[in-house]
Amino acid sequence: MTLRVYNTLTRRKEEFQPIEPGKVRMYLCGPTVYKPAHIGHLVGPVIFDTIKRYLTYLGYDVTFVINITDVDDKLINRAREQGCSVQELARRMEQDYFENLRTIGVDTVDHFPRATEHIPEMIAAIQRLIEKGHAYEVDGDVYFDVTKDPDYGKLSHRRLDEMLAGARVEADERKRNPADFALWKRSKPGEPAWDSPWGPGRPGWHIECSVMSMKYLGETLDIHGGGLDLLFPHHENELAQSECCTGKPFVKYWLHNGLLRASGAGKVGGAHNRYGDLTEQQAEQEAVKLAGSKGAESVKKLFEKFSPEAIRLFILNTHYRSPIDFSEERIAEVARSLEGFYRLIETFEELTGEDFYALPAPTRRNQTTSLEGLPEEFRKELETLRDRFFECMDDDFNTGGAVGVLFELRRAINGFIASRTPGTGPLSAEDRTALRKAMTLLKELAGILGLFRKRPQRPAGADDQLVGQLIQILIDLRSEARKNRNFELADRIRDRLAELHIVLEDRPDGTRWRRE
RNA sequence: GGCGCCGUAGCCAAGUGGACUAAGGCAGCGGAUUGCAAAUCCGCCAUCGCGGGUUCGAAUCCCGCCGGCGCCUCCA
């Protein structure tokens, strides 16, 4: 079994072979931290976090970097409106971003380099490009000369002459060629500025990614990721300047994820919705408005409505290269489908007295959960499902297929339980062991997708304990009524509770309740 | 105008030449179970946008058409 990945550069699925055996160097373009994150900002991180989890599971030592763009026009404008410094705004939004990543379980990132902390390296790279004749200075601005790079356009598969014919690139008198892009921008008064050989200024957008990725990962990366929207011009430019600078291949595998979009309305929070001169709060309201009619809203608000796990599964349910239409109904549906897993986990814990989330699940493929000693049929079923899970993941990280397998695994385990607990009898020691192994496998595979790693936080009020005790009283009274065959009363209790979204389940071993 | 993507059941979605008489989820329906439910299990629910072609064989490849979308604007 080999891992195959789709490479934008070659437009083909290729066998994954890292440059240095056993090591993977991975870079993902991160956010410009100028406004609160919306769910679209989480798509890339969730996908590449999952990719890192799988690569790690396969035994690779993975270094994963996401950059933080903390200087740029949008930040400058926004900070001005808010009357704070660019740095203040950037740090605040960066915190918001980190919090969201934590919430949704993205915790495999090794470095979050900030652009502003790598200015000297950028200046050095720009100087090198000038020396090599790939860049030129005009009045304190430095541009990359695309005509000096015969490879320019190879990533996005565009030809320079065609691009120029497109006539949408507005000609700037100062550039030698309309497609040339800024490496260094002279700063206007009042803007953040750093000293450079070309006078005070700040870096262009693309150079930070070249410099920071190479600083933390070396001159050639194994994987470079980002949204499809970044393919051109950002990644094309990044690639051009990097290779012209080092003379070496910059990236072996370019991976691009599809974008989240408001149904038929273009990308969420994208070019169609200009937040340019809105305040933070207005921007958020604007986003909510979109959400009301199918757009995005700030992730924070979304987390109030849906569990992070549901949002994560919503993202991973679709193949990463496909676009996803955002819709709350869809997320709600996914959330509902998760309930079955939570019930299984609960059942498992009641049946065995174990803590599912504390089960020591293997984290490497070559140490996968042993299914020795399980009933033959059950064991075969689990093995087949496990193989299918790997097949999916090996095929360009087909998380959608892998999720499907997880659901089948759930059904297999439920079926096993159903076949072993016909009456009230407790599980035999053997069956308990079998169940434990099956659940360990579930945890192992789900963990690769970043699911079921922590007990979900149920919306809990301060008087939750009291509520539980009160419901228990009602359950006890109802049980007595049932024992006396007073079903009318028993049903009335159940119906009244249902009105309050409290669902009762009568099981052989007693009545269980849950909120819905 | 250039480059590219997509169209699979009521909805979402995997599969992209042969184990497909097409995963999985949500919703729905039937059965087992239950005092009745809930939960769970079993079963049912798609000739893969349309028309041609290639092939022993196509959801999967080619051509045409229809419909939807992205990029070519410092938007993840």
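In the text below, chain A, chain B and the rest are named by the order of the sequence lines, each starting its count at 1. For the numbers below, each heavy atom of this structure counts, side chains included, while hydrogens, waters and symmetry mates do not.
In this structure, the ring of Tyr253(A) has its center no less than 6.0 angstrom from the ring center of Tyr6(A).
Helical stems involving RNA chain B, defined as 3 or more consecutive Watson-Crick or G-U pairs under 3.5 Å, span B:1-7 with B:66-72, B:10-12 with B:24-26, B:28-32 with B:40-44, B:49-53 with B:61-65.
Note on ring orientation: taking the six-membered ring where Trp is involved, the planes of Phe348(A) and Phe356(A) are perpendicular (angle over 60°, cut-offs 30° and 60°). Note: Phe341(A) and Phe452(A) have tilted aromatic rings, judged against thresholds of 30 and 60 degrees for the angle between ring planes. Below 30°, between 30° and 60°, or above 60°: for His38(A) and His41(A) the angle between ring planes is between 30° and 60°, a tilted geometry. Under the 30°/60° scheme for interplanar angles, the aromatic rings of His224(A) and Tyr27(A) are found to be tilted. Ring pair His206(A)/Phe181(A) is perpendicular by interplanar angle, where above 60° counts as perpendicular and below 30° as parallel.
The separation between Phe378(A) atom CZ and C41(B) atom C1' is 13 Å, rounded to whole Å. We find that CG of Asn414(A) is positioned 16 Å from P of A38(B), with the value rounded to whole Å. One can place CZ of Arg496(A) at 19 Å from C1' of A38(B), the figure rounded to the nearest angstrom. To the nearest angstrom, P of A19(B) lies 18 Å from CG of Asp387(A). Nucleotide A14(B) holds its P atom 19 Å from the CG atom of Leu385(A), rounded to whole Å. At whole-Å resolution of the value, CG in Asp180(A) and C1' in C74(B) are 16 Å apart. If you measure from atom CD1 of Ile493(A) to atom P of A37(B), you get 19 Å, rounded to the nearest angstrom.
Contact annotation for His319(A): backbone-only contact, meaning every heavy-atom pair under 4.0 Å involves sugar-phosphate atoms and none involves a base. Using a 4.0 Å heavy-atom cutoff across all strands shown, Arg478(A) reaches at least one base atom of the nucleic acid. Residue-level contact check: Gly30(A) touches the backbone only, with heavy atoms under 4.0 Å from sugar-phosphate atoms and none from bases. Using a 4.0 Å heavy-atom cutoff across all strands shown, Asp72(A) reaches at least one base atom of the nucleic acid. If you check every strand for non-hydrogen atoms under 4.0 Å, Gly415(A) touches sugar and phosphate atoms only. Within the nucleic acid shown, Asp491(A) comes within 4.0 Å of at least one base atom, counting heavy atoms only. Across all strands, Leu504(A) comes closer than 4.0 Å to base atoms (heavy-atom distances).
Taking the P atom of each, G2(B) and G10(B) are spaced 37 Å apart, rounded to whole Å. Spacing between C45(B) and C56(B) at atom P, rounded to whole Å, works out to 33 Å. Nucleotides C11(B) and A46(B) have their C1' atoms positioned 13 Å apart, rounded to a whole Å. With C1' as the reference atom, C26(B) and A9(B) are 12 Å apart, rounded to whole Å. Comparing the C1' positions of U33(B) and A27(B) gives an interatomic distance of 23 Å, to the nearest angstrom.
Closest to the Asp395(A) side chain, of the nucleotides C74(B), A76(B), U16(B), is U16(B). Of the listed nucleotides (C36(B), U40(B), A76(B)), A76(B) has the atom at the smallest distance from the side chain of Val43(A). Comparing G35(B), C41(B), A76(B) by their nearest atom to the side chain of Leu230(A) picks out A76(B). Listed candidates were A37(B), U40(B), A39(B). Nearest to the side chain of Arg514(A) is A39(B). Taking the side chain of Arg158(A) as heavy atoms from C-beta on, and the options A39(B), A76(B), C72(B), the nearest nucleotide is C72(B). Which of A14(B), A76(B), G35(B) sits closest to the side chain of Thr318(A) comes down to A14(B).
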Using a cut-off of under 3.5 Å, enumerate the N/O to N/O pairs linking the protein to nucleotides 24-28 of chain B.
residue : atom : partner   : partner atom : Å
G24(B)  : OP1  : Arg411(A) : NH2          : 3.2
G25(B)  : N2   : Glu333(A) : OE2          : 2.8
C26(B)  : O3'  : Arg336(A) : NH1          : 3.2
C26(B)  : O2'  : Arg336(A) : NH1          : 2.9

What does the list of N/O pairs under 3.5 Å between the protein and nucleotides 4-6 of chain B look like, with a distance for each?
residue : atom : partner  : partner atom : Å
G4(B)   : OP1  : Arg11(A) : NH1          : 2.9

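Side-chain atoms of Glu208(A) and Asn67(A) include a donor-acceptor pair closer than 3.5 Å. Side-chain contact of Tyr143(A) with Asn177(A): a donor-acceptor pair under 3.5 Å is absent, judged by distance alone. For Thr116(A) and Arg114(A), the side-chain atoms include no donor-acceptor pair closer than 3.5 Å. If you check the side chains of Asp72(A) and Tyr34(A), you find no donor sitting under 3.5 Å from an acceptor.
Not a single donor-acceptor contact under 3.5 angstrom links the side-chain atoms of Arg261(A) to the base of C69(B). The base of A39(B) lies outside donor-acceptor range of the side chain of Arg507(A), with no N or O pair under 3.5 Å.
Each of Leu239(A), Leu221(A), Leu9(A) was checked for a side chain to side chain contact (heavy atoms under 4.5 Å, CB included) with Val251(A), and the lone residue meeting it is Leu221(A). Just one residue in the list Asn257(A), Thr50(A), Asn398(A), Asp396(A) forms a side-chain hydrogen bond (donor to acceptor under 3.5 Å, both in side chains) with Tyr320(A), and that residue is Asp396(A).
Comparing Phe232(A) and Glu516(A) against RNA chain B, the residue whose closest nucleotide sits nearer the 5' end is Glu516(A). Residues Tyr320(A) and Gly400(A) each lie close to RNA chain B; by heavy-atom proximity, the contact nearer the 5' end of the strand is made by Tyr320(A).
Between Lys52(A) and Asp110(A), at least one side-chain N (NZ, or NE/NH1/NH2) sits under 4.0 Å from a carboxylate O, which counts as a salt bridge.
Relative to the six-membered ring of Phe314(A), Arg330(A) misses at least one condition, a distance below 6.0 Å or an angle of at most 45° to the axis.
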